[in-house]
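Input: a single structure, listed below in structure tokens.
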Amino acid sequence: MLHAWSKTTMDSRRAISLLLAVGGITVAALGMAASPDLPPIGISTVGPVVLGAVVGGYVRHRLTDRERAPLWALAYGAGATAAIVATFGTAVLIRPTVRDISDLRDVWSGLIVGGFLVSFVGALLWERDARVRRFAAPALLGLWLVVSGVFASMSGDPWTTVAAPAVLGGFGLFLVAFVVGRPGVDQNGITPAI
């Protein structure tokens, strides 16, 4: 089944996007391992991300594959959970080794922000539909700004001054994404059948 799925959905751009996403998450895990305190993982951390993935998977497939939309939602939620567990698990495993490298302790927040940016670019390249990319580009950039603002507020001076503007800019880009680039609606306001 996995082989059939890869033959129908994978091309060179999607393979590159998958490599970018995995590489970005790995760099983010390296930054988390080098941070003074590991970010807490729990329902408050994982819950919103998994819930967003479940809702996104259902909404994305409810028109084209109504019968299997709940299965797609479950698959998206399982994928998000696996990515979070893999990221935090890698950070915990490599933390004893990374904590001894003083240069990484100075740039941990930059590694996290840069890693998430690379993984978001990989997620954007995965999408083939131009209408969805028009929505996803500002939405993913907004998510990256929110994540960057949160980690900037945790990293201390001098980055705390840019934390609030980054988070506000991220929410502004979410608004732009939902107002301007709604997927499934063309310029005339007509929702296509497919």
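Counting from 1, the numbers follow the sequence of the chain as shown.
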Would the distance check show the side chain of Arg99 and the main-chain N or O of Ala34 forming a donor-acceptor pair, the cut-off being under 3.5 Å? yes
State whether the side chain of Arg95 and the backbone N or O of Ser35 hold a donor-acceptor pair below 3.5 Å, judged by distance alone. yes
Indicate, with yes or no, if [Y] and [X] share a hydrophobic cluster defined by side-chain heavy-atom contacts under 4.5 Å among Ile, Leu, Val, Met, Phe, Trp and Tyr.
{"X": "Leu117", "Y": "Val113", "answer": "yes"}
{"X": "Ile101", "Y": "Leu111", "answer": "yes"}
{"X": "Val118", "Y": "Leu104", "answer": "no"}
{"X": "Val107", "Y": "Met32", "answer": "no"}
{"X": "Trp108", "Y": "Phe88", "answer": "yes"}

Separation of Leu125 CG from Leu18 CG (nearest 0.5 Å): 11.5 Å
Rounded distance [0.5 Å steps], CG in Leu145 versus CZ in Phe120: 10.0 Å
What heavy-atom pair brings [X] and [Y] nearest, and what distance separates the two atoms?
{"X": "Ile112", "Y": "Ala28", "value": "CG1-O, 3.7 Å"}
{"X": "Ala29", "Y": "Ile94", "value": "O-CD1, 4.4 Å"}
{"X": "Ser17", "Y": "Gly122", "value": "CB-O, 3.0 Å"}
{"X": "Ala86", "Y": "Thr90", "value": "O-OG1, 2.7 Å"}
{"X": "Ala91", "Y": "Ala33", "value": "O-CB, 3.4 Å"}

Please work out whether the ring planes of Trp72 and Tyr76 are parallel, tilted or perpendicular, with thresholds of 30° and 60°. perpendicular
Any pair with a residue in residues 68-77 that passes salt bridge (charged side-chain N to carboxylate O under 4.0 Å, His left out), sequence neighbours left out, goes on the list, sorted by first then second residue, please. Asp65-Arg68
Less than 4.5 Å apart, side chain to side chain, heavy atoms only: is that true for Thr26 and Leu30? no
Taking the side chain as every heavy atom from C-beta outward, state whether Leu74 and Val54 have any atom pair closer than 4.5 Å. no
List the residues meeting side chain to side chain contact (heavy atoms under 4.5 Å, CB included) with Leu141, not counting sequence neighbours, and say none if there are none. Trp144, Leu173
